[in-house]
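We use all heavy atoms of the structure for the numbers below, so side chains are in, but hydrogens, waters and symmetry mates are not. Throughout, protein chains are lettered first and strands after them, A, B, ... in sequence-line order, and every chain is numbered starting at 1.
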Amino acid sequence: MPAAGRRNVTPDEPERPAIHVALGNEADERLYGRVAVGAEEEGIPCRLVPEEGSDAVALAFSAAGSSRLGVGVGVASGRVAVHERHMPAGRPVVATEAGDRAEDACRQAGSNAARLVIGVPLWLLQER
Amino acid sequence: MPAAGRRNVTPDEPERPAIHVALGNEADERLYGRVAVGAEEEGIPCRLVPEEGSDAVALAFSAAGSSRLGVGVGVASGRVAVHERHMPAGRPVVATEAGDRAEDACRQAGSNAARLVIGVPLWLLQER
Amino acid sequence: MSIIVGVDIGNSTTEAAVARIGDDGSPEFLSSGTTMTTGIKGTVENIPGVVQVLEEATEAAGIEISDLDLVLLNEATPVIGDVAMETVTETIVTESSMVGHNPSSPGGKGTGVGRTVHIRDLENGAPPEGPVIVVVPQEYDFEVAAGILARALEAGVEVQAGIVQGNDGVLISNRLPTPLPFVDEVAHVEKVPLGMLAAVEVAPQGQAVRQLSNPYGIATLFSLSPEETTHVIPIAKALVGLRSAVVIRTPAGDVQSKEIPAGSIKFIGENQSLTVELEHGADEIMNTLAQAQPLCDVEGESGTNVGGMIENVRQTMADVTEKPLAEVNIHDVLAVDCLVPQQVVGGIADEFSIESATGLAIMVDTDRLLMERVAETLSEKIGVPVELGGVEANTAILGALTTPGIDVPVAIIDGGAGSTDGAELQKGKPVEHVHLAGAGNMVTLLIKNELGLERFDVAEQIKIHPLAKVESLFHIRHEDNGVQFFEEPLEANLFARVVLVTDDGLVPIDTKHTLDRIRTVRQEAKRKVLVRNGIRVLRHISPSGNIRFLNFVAVVGRLGLDFELPQMLMNELSPFGIVVGVANVRGELGPTNAVATGLIVNYCRRRDDAT
Amino acid sequence: MSIIVGVDIGNSTTEAAVARIGDDGSPEFLSSGTTMTTGIKGTVENIPGVVQVLEEATEAAGIEISDLDLVLLNEATPVIGDVAMETVTETIVTESSMVGHNPSSPGGKGTGVGRTVHIRDLENGAPPEGPVIVVVPQEYDFEVAAGILARALEAGVEVQAGIVQGNDGVLISNRLPTPLPFVDEVAHVEKVPLGMLAAVEVAPQGQAVRQLSNPYGIATLFSLSPEETTHVIPIAKALVGLRSAVVIRTPAGDVQSKEIPAGSIKFIGENQSLTVELEHGADEIMNTLAQAQPLCDVEGESGTNVGGMIENVRQTMADVTEKPLAEVNIHDVLAVDCLVPQQVVGGIADEFSIESATGLAIMVDTDRLLMERVAETLSEKIGVPVELGGVEANTAILGALTTPGIDVPVAIIDGGAGSTDGAELQKGKPVEHVHLAGAGNMVTLLIKNELGLERFDVAEQIKIHPLAKVESLFHIRHEDNGVQFFEEPLEANLFARVVLVTDDGLVPIDTKHTLDRIRTVRQEAKRKVLVRNGIRVLRHISPSGNIRFLNFVAVVGRLGLDFELPQMLMNELSPFGIVVGVANVRGELGPTNAVATGLIVNYCRRRDDAT
Ligand SMILES: Nc1ncnc2c1ncn2[C@@H]1O[C@H](COP(=O)(O)OP(=O)(O)O)[C@@H](O)[C@H]1O
Ligand SMILES: Nc1ncnc2c1ncn2[C@@H]1O[C@H](COP(=O)(O)OP(=O)(O)O)[C@@H](O)[C@H]1O
Ligand SMILES: [Mg+2]
Ligand SMILES: [Mg+2]
């Protein structure tokens, strides 16, 4: 059985379990790539999913709902949130500022999302 | 934090995470109770959810999709299936005949559904 | 230029090395082969295996068997080892005085004390006086039982706790006005004596009983006198560490731990013969062996399992070498203590307890097997000349010397299935060698018995593959704590199971043991047998018995492939300041193929000396 | 009728028992109380704690302090214990010859050998000859690095593996035409010598390196001579069990394990004085102690940590008893070996290695503390008569005797924080007692140091609470393998962490250790100190030193509350066939309140004798 994570998901593999990532209307598209590499280093693939909205937590919860892994990341309005579908909608697992150091924050969010999947303690150095 | 499972779910607690159970159109309603006690002995509550259909596997998958625990049980057409939302829709975790000994089969399905939640090996003595 | 093959027939595997000998007399290795040995080493039954390995190796070299100029066979070390285990203690519960099977989902929590009553006696109106413990056979549906108990409680009956046959402890407790402690899954609930004082204790999740595992706790609950408290000691001890338990105050009931006479062994030494009882344990057996050295022979008490095993091995060797029984002697014994789960006698709930056992490995060796017969028969069959190419210990050393970074003086530890062998070469001296009892098969037997497995091959798999725990349908946690994720869901029968990580995929182990318990058993078995014998071997063959005087030590044989054993050996030997590592035959084959390669090297060397 | 209180001032806790003495002279117990001891036992600083416990206990009894007729204080055993630990080995990597920090997500798998080159030298056009190992500092974004490497590979450069500073091993390997092994998270990558031969090995998930942990494997990769192979032994040993590793062939580089001189201890006995070096280990220290018995005093080498600790304890006792230093003697020592994680000197990646350490507990006792002063001061403060009520050992026994099921002859083991005490009462004889070094505080220090924790209070919590692993946001697995499910999600900072299960909820432990490692350290610490001292105590006080002649043994003191220790003691003592259990003072208080209760019993007994 092949280990996961070698490449990002291509559109013709919709069944492949992955962390779902949703960007808000005005979020920088490159931030998806940062989330994806954070997860890739831990061995879990990501998939960019189309969602509307500007609330990172709501985007993350919706993404978690559609992900077969049950984990989602939302980036919007200067915040990045990691969510899990078992949680109450208003309680993301982690939510951090993604202002100045948005790329680092997104990479760390991707890493945390992967860690939720595989069961490794999360990076929690920044404020929630 | 209180341990779960003391009583079955009442309608005014929709947020409470539970295994979702869906009965097919002609399934005996008492079988829900059998599923629920199988899970209760393991410490996990169940909730009966309204679904239409006569395919136990499809019912179970749909129930797993709406369950916050991601686990569902479907009873229909003489079969009982246990499903988990991460799985491909056509691949239930366990599916057994529920003919003559339907009550026992349903109790065991409830037990397996709970074991999926808490991470204990499943009862797999009957054929899939 | 000629093409020759070296063939090593081992107890477990038969290996081959194919080489082209140039005009300058030096070997150019072309290929290797390996297969399972057929039959007992040293008999013509080995030939099918030899033919198979020749086919494999010649095909890999791009030639036919008919192209071979010569086949060299090892003068196989005539060693046969065997191993057996005897349980030497047992636990007996008399008068059904306790229940300690630790079911996974007991009901409620806390402690209850009262007289045992059958649940039917609560149905029938006449309520018992005083506190009661209710016994519920599985004929009573949990809802019916809960109803009876609830009504009884309402009527003022002092129901304190319950003993339940079905897996209904949580279900019943949940349906009472207040949760009471229930021990469930009690298989033979009909054995619970009625009308007796009893105590039931269920600890909170993650904890163990505190009162029933404490003799003064039992004394408090039953108001025992100091004299009576003395008698409940073995019961308290048997309940240590369990999450739930029941103690019943029967007149003469208790828990006994008895020794089982398993027979004796007689060590016949040059100067004296000493006998030791098996149940006295490994240390005493090994001490007695040491006192009886130098050892001439070993006998087991007739009519016992151990006696039978020893005579079987003697007979097998006599058959293979065609020597009379009287000339076949046991030359080494290794005794190991271990703990094996055994069913408790008289248990109410199919309890298991951990009993002491003694494992014994023995080894017979003689001077010569009838390898010439094998050589002749083989040569007829394949139409190629077959010669005996050298004593196994010598060729093993020569093969090991093809490892980069190694040089004489050199010692090898050759770990096989039946015996642990050692050899040492100092420049200009003949090779020293030794064979000890206890090797791969003993390790597997220890694993099998300490884990209570039914099949030897399952234990063998546990020995050679690392473990993992299936934590979800999509990921596993390896025993080194690393997590591996899968894109496709795993099979349902793997879920939450401890599995072996093999080249062919994940294999579930049918066991209740945790991963850590299995790993501990596996590592301890290797330590008690192989690490210990590795050191015994080196002491035997090192100059003056001082391991420090060995420069280079290499591990050969398939035990060198073990994923953890070489490291355990290296750690154990590091205080001696010597170079210890796994051989790398020809710089690429690891610890395998040492003898087969050495046969070729030896042939070239002798031709060299001759010219 | 009078109301009296017994107050036990311990090193750690101060307890009280309130009783009404009837006209017939028998006590009717009303309430109990417990609080942390203030100040050092035996000084007036204890009084605030005494007052607090009196307030608590009288309130629970529904009375005022002014209603008390008498307060009895224990004639506290003047025992002070202390404990220290010294590391006695260290690991030094010279010339940056290896990397062994075992990062969690190395890239690719397999082995690569080549000369180390900085990645900038691959950018600049002139491609190096032969196989190379690329060094990638974190200034290079992983995508940039992967691009440079991919182009170099395309240009024919033989890139074999990489050493990466950032956590980018998987990311880089994934972006190459074929996956290559990458060891990442190498903190001080600038220390990697360039232009040297190096080997990188990454094992598959769940496995450990096989070549770099084998000296002959390194010899094969670097084509070493036998002489050179001898030098790589400590490197191979240091890399055993790791999933990834790097070895760099520097001219004089190696790994050394050195002993650290930690000072010596002198045991001054009646007949002879013997000195022993701390780094020779616990067995040698304890053997030397045994040879020097009977012991008069102990001194530590001045200028060392151990010497300082011994003199501090001596000084504290001198202050508290107002005796001259020369009259204060150390009467017992307990030495324990342990393994502590220490940072490797000269490591490139902040590696930790496990080093040997020796823990030492010492104990001073004298005949009498100045408890009269405490009694007087207390009496003035509360306006109630205060008397000294009995020697602690005697009152502890009397309190233990209120346990159901127990009777004389009886022995107690009293486990506290600073010393382990024992006492024995045979009918008609004075009470025998003994105090030994090594108790609760030593256990906590062992746990702290073996787990590399920074805070003592964290280690104390680990000692007294069971463990669990948070497996999802909704369930935990207890250390006994039972699973507990929660309806409300757990906090994110608990996810996948090892936690303590306390009455106030789950508390995460800031550690990289696995649950099993923490549990093993916790149990071994208790075994090495408390189980060992429990047996030492019993040997001291049993008739003729034979434990079998003790009938009843009860554990008192808060160590009896430990959730696993009493069971470990019972298992260890079961071969002696005696009744061992945790005391149950007054049939309801478990092992606590023995001395406070015993003070009341003693008072009534003396009044009884007087009338
Ligand atoms: N990959 C492996 N890891 C550990 N042990 C192994 C492995 N393969 C075989 N063994 C063990 O090695 C032993 C056989 O060794 P081998 O050198 O073939 O013996 P012989 O020379 O007697 O034929 C058996 O006990 C077997 O269990
Ligand atoms: N619940 C508990 N489980 C295990 N150990 C405990 C518990 N509570 C306290 N301790 C330990 O008991 C010791 C104090 O015992 P105590 O009898 O109060 O001593 P003293 O009589 O010297 O005041 C400390 O080492 C503390 O860590
Ligand atoms: Mg062999
Ligand atoms: Mg005390």
Counting heavy-atom pairs under 4.5 Å with chain D, which one of [options] comes out on top?
options	value
C:Pro226, C:Gly581, C:Ser472	C:Pro226
C:Pro404, C:Gly405, C:Pro234	C:Gly405
C:Ser105, C:Ala219, C:Pro215, C:Ser104	C:Pro215

Shorter than 4.5 Å, heavy atoms on both sides: which option in D:Ile218, D:Asp407, D:Val501, D:Ile233 has the most such pairs with chain C?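 So the answer, after comparing D:Ile218, D:Asp407, D:Val501, D:Ile233, is D:Ile233.
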
Are the charged groups of C:Glu564 and C:Arg522 less than 4.0 angstrom apart, N to O?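 Looking at C:Glu564 and C:Arg522, the cut-off is met.
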
Is the positively charged end of C:Lys526 above the ring of C:Phe563, judged by distance under 6.0 angstrom from the centroid and angle within 45° of the axis? yes

So does [Y] get a backbone contact from the side chain of [X], meaning a donor-acceptor N/O pair under 3.5 Å?
X	Y	answer
D:Ser213	D:Val240	no
D:His513	D:Arg519	no
D:Thr403	D:Ile406	no

Part of [X] within contact of chain C (heavy atom distance under 4.5 Å):
X	value
D:Leu467	neither
D:Val582	both
D:Val483	backbone
D:Asp516	side chain

Does any heavy atom of chain D fall under 4.5 Å from the side chain of [X], the backbone, both, or neither of them?
X	result
C:Val580	backbone
C:Ser225	backbone
C:Asn481	side chain

Check the angle between the aromatic planes of C:Phe485 and C:Phe474 and answer parallel, tilted or perpendicular using the 30° and 60° thresholds. parallel

Partner residues of C:Ile464 under the side-chain contact (heavy atoms from CB on, under 4.5 Å) criterion, sequence neighbours left out: C:Gln461

Regarding D:Glu355 and D:Thr91, do their side chains bring together a donor and an acceptor under 3.5 Å, going by distance alone? yes

